[in-house]
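Just so we're on the same page: letters track the sequence lines, and every chain starts at 1.
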There are 4 protein chains.
Amino acid sequence: MAESEKISDKRQALLQATLELVSNHGFHNTPMAKIAKIAGVSAGTIYLYFDNKQDLIDSLYLEMKASFTDAAFKDYNPDKSVKEGFAQIWKNMAAYKMNHVQEALFLAQCDNAPMISDKVREKGLQHLQPLLNLWERGRHEGILRDVSPYLLYAYTIYPISFFAAVKNRDEFDLSKDMYQHTFDMAWNAIKAI
Amino acid sequence: MAESEKISDKRQALLQATLELVSNHGFHNTPMAKIAKIAGVSAGTIYLYFDNKQDLIDSLYLEMKASFTDAAFKDYNPDKSVKEGFAQIWKNMAAYKMNHVQEALFLAQCDNAPMISDKVREKGLQHLQPLLNLWERGRHEGILRDVSPYLLYAYTIYPISFFAAVKNRDEFDLSKDMYQHTFDMAWNAIKAI
Amino acid sequence: MAESEKISDKRQALLQATLELVSNHGFHNTPMAKIAKIAGVSAGTIYLYFDNKQDLIDSLYLEMKASFTDAAFKDYNPDKSVKEGFAQIWKNMAAYKMNHVQEALFLAQCDNAPMISDKVREKGLQHLQPLLNLWERGRHEGILRDVSPYLLYAYTIYPISFFAAVKNRDEFDLSKDMYQHTFDMAWNAIKAI
Amino acid sequence: MAESEKISDKRQALLQATLELVSNHGFHNTPMAKIAKIAGVSAGTIYLYFDNKQDLIDSLYLEMKASFTDAAFKDYNPDKSVKEGFAQIWKNMAAYKMNHVQEALFLAQCDNAPMISDKVREKGLQHLQPLLNLWERGRHEGILRDVSPYLLYAYTIYPISFFAAVKNRDEFDLSKDMYQHTFDMAWNAIKAI
DNA sequence: CATGAATGAGAATTCATTCAT
DNA sequence: CATGAATGAATTCTCATTCAT
């Protein structure tokens, strides 16, 4: 037990160090040596847990995506109305990203730069299915605009990344009590007229 | 004249090569030697036009931002209604990004990764003032929701980057005749109730 | 007994694994970790049986040399004629190398590259004395050319390594029934005129 | 002219340094940094002339093979008798290897260890054709034993490498006036009875 | 202005060896 | 005896930048 915990610890420390460094300084400007140092392990140790730098980044990406989608569907009940269900998911996502700005920045970086292969990117999307199902139902019920999920995503989920970025720069903080207000904007964008 | 044109040509070729390489392969994976090769000049020549790699990227960023905002305010008449004016700007922006996917990807990359200093980023925003003015007027006139421009931006302009990204991946193309439809979604998000 | 057998087993497995890997992939391209894996033991275990990598190689070299010379003098009777005695030894050597190509390649590699110290190399030669004695007698009896044993070796024993190498590359196989024919060539090279 | 000479100089210096180091210390134990130092250039400079370490070794191998075969066929006249022709080639080869021991050791190392790909090895053989033609003629004329060229090679050319190796170890030097004597041994091995 | 060979610091990665368990 | 995770020095290779021409 202590064994496997320790092993897990080192892997986790490496992922954490990578998250910190990459989100603050970018993929370039994040040498393996620095990652090892921050993680408190030797440079060679990285290669006990990851094949190479790309694999480290990919692994972190998938872990972050999983962590995000886990949070997204917390307390989500598919039996409730489309609006209620979507509000739950959206607020979960917004809360997660505002409370985990570093993770949000890392994911935004991966999603907007050619750092991650398409294959890994697709794998990262697999946990989003419940939201796609909800949207499908919403379109079917005439609650949502009858448009591509890409449009629904662009006007509701994608903007959250922007909130994280500006919060990080101390420019604008989507404080907690504004979630409802901001959710309304998202909802107005996609609801059927 | 022929002299200065030639010089300008090389500078332009270098910016163009950088755009191509960075948007396709990322900042890392874009060595100076490759930029020079694509631009058809010698590696040393880059340093006649730019101080260093960072300066090259910064310059390209500012040039792209300027080009984008130039397009954004084409045929914009501040005297028209807020909705008409905003529709003009939004459609200009959408059309520009969908027709210049590479530029869009490059800007998205710069805006979402720590490649560009805050100083340069701010400088890139300076041409956006007319839009901020319009939004201010819209809020004043009670046409727009009385919220931070960051929110207005997040729900109207920011999503356009996403459309460019998915178009680039051949996943979803916001074709021309959908601009009105898609604009409506943006407008619904920010209009006062 | 079972104890010491087990130990011996591991030592032997390590030597065998080293033989395989070095003869197929060379000294470089044969990491200790791979040797351990092929031998079915842990990396650390190597150092229970050998001081370091060099010692492992040296030990294998000496073992292979001993094994080769053991085979070489099988059924050798010093009382027979020089030609008969030499034929016995030569055919033993040829048969051994053609039936143990991997060993032959390993020895050739050690003998032609600076992998083995001169001290160890000399130690590997010590079992060859009966052949040197036979040659000495042959020269004395006027049966053999009166030349340095280096020349006798070069024209009779050394070529066998070449046969092993080309057999390994599937280029040419000195099949069994050709031993007599091929021996004649060796004999003609060194016999007195 | 001075330009291309200088460039050629650096490439040549790198090949020479590699020859020295590899033949004395082996492929492993020859780091690129040491090669650069001996050649009097910076480490990075190696990669202006060679793709990687393997390419450097391959290039040296081919250069050495070409140099050797050039020397081998000096003053060779295909119109002379088989024995005279072969004597010319054999003595050229022996003289070359005894006067260029380092080159000989390097080639022996490459030929006896998996350092060189089969493709490159075959390429290195292409200049040996005149000798193969001569042997073919010799077998046809009944002058030579009717055996595979592999056997002819093993008993005449291959032993020369051994002479170079022992000369290098100061054990035995095939001095000039012994060439005829030693050639006779080779000839006796392969001549028809 | 322009070149491009050369540099050398720094990056990713490997691997012989150790040592706590 | 045996393990195998961990180390960190060493290795290969890259690349931004310089400078003699």
Side-chain angles (χ1 to χ4, degrees), chain A residues 2-4 6-7 9-11 27-37 39-56, chain B residues 3-4 6-7 10-11 28-37 39-56, chain C residues 3-4 6-7 10-11 28-37 39-56, chain D residues 2-4 6-7 9-11 28-37 40-56:
Chain A
E3 274 293 304
S4 65
K6 241 185 250 165
I7 291 169
D9 274 2
K10 248 160 214 179
R11 200 189 123 97
F27 182 94
H28 76 288
N29 288 335
T30 299
M32 296 299 259
K34 216 185 269 182
I35 293 173
K37 195 170 189 180
V41 302
S42 168
T45 302
I46 299 180
Y47 296 88
L48 294 177
Y49 296 97
F50 304 97
D51 290 343
N52 47 45
K53 194 175 182 181
Q54 189 61 53
D55 181 43
L56 170 57
Chain B
E3 277 290 303
S4 65
K6 242 186 251 165
I7 292 168
K10 281 190 180 160
R11 201 188 122 94
H28 75 289
N29 288 337
T30 299
M32 296 296 259
K34 215 186 269 181
I35 293 172
K37 193 172 190 181
V41 303
S42 163
T45 301
I46 299 180
Y47 294 86
L48 296 176
Y49 296 96
F50 304 96
D51 290 343
N52 48 44
K53 194 176 183 180
Q54 189 60 52
D55 180 43
L56 170 56
Chain C
E3 276 291 302
S4 66
K6 241 185 251 165
I7 292 168
K10 281 189 182 162
R11 200 189 122 95
H28 75 288
N29 288 337
T30 298
M32 296 297 258
K34 216 187 267 183
I35 293 173
K37 193 172 190 181
V41 303
S42 162
T45 302
I46 299 180
Y47 294 87
L48 296 176
Y49 296 96
F50 304 96
D51 291 343
N52 48 44
K53 194 176 182 180
Q54 189 60 52
D55 180 43
L56 170 57
Chain D
E3 275 293 304
S4 65
K6 240 185 253 166
I7 291 170
D9 275 2
K10 249 161 215 180
R11 199 189 123 97
H28 75 289
N29 288 335
T30 299
M32 296 299 258
K34 216 185 270 183
I35 294 174
K37 195 169 189 180
V41 302
S42 168
T45 302
I46 299 179
Y47 296 88
L48 294 177
Y49 296 96
F50 304 97
D51 289 344
N52 47 46
K53 194 175 180 180
Q54 189 60 53
D55 181 43
L56 170 57

Next item on the list: Give a yes/no on whether any side-chain N or O of A:Y47 is located under 4.0 angstrom from OP1 or OP2 of F:dT7.
Entry: no
Note to self: Strictly below 4.0 Å: does B:K10 bring a side-chain N or O up to OP1 or OP2 of E:dA2?
What the structure shows: yes
Pull out every protein N or O sitting under 3.5 Å from an N or O of nucleotides 8-11 of chain E, one pair per line with the distance.
unit_1 : atom_1 : unit_2 : atom_2 : d
E:dG8  : N7     : D:S42  : OG     : 2.6

Margin query: Nearest heavy atom decides the nucleotide; on that basis, is B:V41 or C:N52 closer to the 5' end of DNA chain E?
Written below: B:V41
Item checked: With A:F27 via ring-ring contact (aromatic ring centres under 6.0 Å, His included) - residues at least two apart -> B:H28
Note to self: Please convert DNA chain F into dot-bracket. A pair counts if it is Watson-Crick or G-U wobble with both distances under 3.5 Å; crossing pairs go in [ ] and bases paired with another strand get |.
What the structure shows: .||||||||||||||||||||
Notebook entry, point to check: Are the side chain of A:K53 and the backbone N or O of A:T30 linked by a donor-acceptor pair below 3.5 Å?
Noted result: yes
Next item on the list: Can you see which heavy atom on B:K10 is nearest to which on B:T45, and at what distance?
Entry: CD-CG2, 4.4 Å
Write down the distance between [atom1] ([X]) and [atom2] ([N]), rounded to a whole number of angstrom.
X	N	atom1	atom2	answer
B:I46	F:dA16	CD1	P	8 Å
A:I35	F:dG8	CD1	P	18 Å
D:D51	F:dT12	CG	P	16 Å
B:L48	E:dG4	CG	C1'	12 Å
C:F50	E:dA16	CZ	P	15 Å
B:K34	E:dG4	NZ	C1'	18 Å
B:H28	E:dA12	NE2	C1'	13 Å
B:Y49	E:dA2	OH	C1'	8 Å

Next item on the list: Would you kindly compare C:G40 and D:N29 by the position of their nearest DNA chain F nucleotide and give the one closer to the 5′ end?
Entry: C:G40
Next item on the list: Tell me, please, which residues at least two apart from C:F50 pass side-chain contact (heavy atoms from CB on, under 4.5 Å).
Entry: C:R11, C:L14, C:L15, C:I46, C:D55, C:L56, C:S59
Check: Taking only residues two or more places apart in sequence, or in another chain, which ones meet A:K37 in a side-chain contact (heavy atoms from CB on, under 4.5 Å)?
Finding: none
